[in-house]
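Below is one structure, written out as structure tokens, with a few remarks after it.
Side chains are part of it too, since the values below use all heavy atoms of this structure and drop only hydrogens, waters and symmetry mates. Letters A, B, ... are given to chains in the order of the sequence lines, protein chains preceding strands, and every chain is numbered from 1. Predicted model, so just to flag it, every value in this text is computed and none were measured.
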Protein chains: 2
Amino acid sequence: MSTREAVIGYHHGDLRRAIVDAAVESIAESGPSGWSLRELARRAGVSHAAPAHHFGDKAGVLTAVAAEGFRGLAASLAQAGDFLDLGLAYVAFATSHPAHFQVMFQPELYHSGDPDLSTAADAARAALTDGLRETGLDEPGMELAAWSIAHGFSALWVSGALPAELGKDPVAAGREVLARLLDGRR
Amino acid sequence: MSTREAVIGYHHGDLRRAIVDAAVESIAESGPSGWSLRELARRAGVSHAAPAHHFGDKAGVLTAVAAEGFRGLAASLAQAGDFLDLGLAYVAFATSHPAHFQVMFQPELYHSGDPDLSTAADAARAALTDGLRETGLDEPGMELAAWSIAHGFSALWVSGALPAELGKDPVAAGREVLARLLDGRR
DNA sequence: ACAGTATCTTGTCATCGACAAGATGTCCAC
DNA sequence: GTGGACATCTTGTCGATGACAAGATACTGT
């Protein structure tokens, strides 16, 4: 039996969760557009129109995924210690939640005006800024540089553009890369 | 009259180009999946099945877009001079060709095994490596760091994630950011 | 128990991607 | 210059999809 199927009658129990989870799984396999609402509904064992009640439309599902992603990223960043840690937390989140990460930075895919989403996105952004301020490296441009290098390495890793020689641990490989931003400093 | 419409009889003249251009335009407006083959066909003034002859399927169109993108990136990088220049050339290409850039780094969207595409992708990769070697900054990890920071800044800019205060010139803003990778060096 | 509401179903429609078969134009061998 | 091979494009079709509407069913509080 699958992961759900436990308590399903006319009411699913937690369709919203089931759909989001199924979406994340599908996106990880075949990209942000490689799935259909009807397929997710079938996987969850509900009718083809059931998801619409919770999400409105297809973009609504991706809005939920993106919001969940921003919350996860914020939580990940909040635990980081020093400068390198912060960047590696970013990389760790992105590479362990590639589906979320891919959706988060493609606003055309979701309802970017959604209040829940905006809140989550702002929180993630704040976590990054706050974390960087604590490290003392708050010269102008440094925040953007840190964000850029962490985001770039993450995006390249997730897209599969990086050479296989880097191994399978994105955080270990990322450490060498992010450290370059600190060369010649204290 | 639109850009084409000039010489169209039963044979379009250059349907392949027209479709790729229309695709790039559509992608820039509504993302890598915000368009349909039939819409492009209508725009080009041909029947709904005409594009299939040139590209096979929808992914085929995106394969052509990605290949064109990699060729453009390679050309852009080949002209760069010093280290900063190289990174800024990357940023300049990405931000002036956002549609190409977005597609290039989403391999699920196209036929990544396509020979023409592979050749173009390899050329772009080589242009980056060669350009960096010439700058003398070829310590281990430095290539990845440069690629990451340039790619990250580009991706963030294209996705609209960066604050509006940065202005409208991505290359000018990028210069300040990429320069951080060189602080404390020669 | 009953009303109100949230959740889910069934049915439908326009659109889409893919495929097949046929029509039309082009171009080269002879 | 013509006949046929080939590339290009059209028309027609099919199953799948997203969105919407209307109705059925379960839950919730009073």
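The aromatic rings of B/His100 and B/His97 sit perpendicular to each other, their planes meeting at more than 60°, with 30° as the lower class boundary.
Residues satisfying the side-chain contact (heavy atoms from CB on, under 4.5 Å) criterion with A/Ser26, sequence neighbours excluded, are A/Trp35, A/Glu39, A/Leu40, A/Arg43. Applying the side-chain contact (heavy atoms from CB on, under 4.5 Å) criterion to A/Thr63, with sequence neighbours excluded, gives A/Tyr110, A/His111, A/Asp114, A/Leu117.
Rounded to whole Å, atom P of C/dT26 lies 14 Å from atom CG of B/Leu15. In this structure, A/Asp14 atom CG and C/dA6 atom C1' are separated by 14 Å, rounded to whole Å. Counting to the nearest Å, the C1' atom of C/dC16 and the NE2 atom of B/His48 are 11 Å from each other. For A/Arg42 and D/dG15, the CZ to P distance is 15 Å, given to the nearest whole Å. Look at CH2 on A/Trp35: it is 17 Å from C1' on C/dC16, rounded to the nearest Å.
The phosphate of C/dC8 has neither OP1 nor OP2 within less than 4.0 Å of any side-chain N or O from A/Arg16. Residue A/Arg38 places none of its side-chain N or O atoms closer than 4.0 Å to OP1 or OP2 of C/dT9.
Distance from the side chain of A/Ala50 is smallest for C/dT9 among the nucleotides C/dC16, C/dT9, D/dG18. Out of C/dG17, D/dT11, C/dC16, the shortest distance to the side chain of B/Ser47 is found at D/dT11.
The stretch residues 52-59 of chain B touches DNA chain D through B/His53, B/His54, each having a heavy atom within less than 4.0 Å of the strand.
Ion pairing between B/Asp169 and B/Arg175 fails under the 4.0 Å rule for side-chain N and carboxylate O. Under a 4.0 Å N-O distance rule, the pair B/Glu143/B/Arg125 qualifies as a salt bridge.
Ring pair A/Phe105/A/His151: centre-to-centre distance below 6.0 Å.
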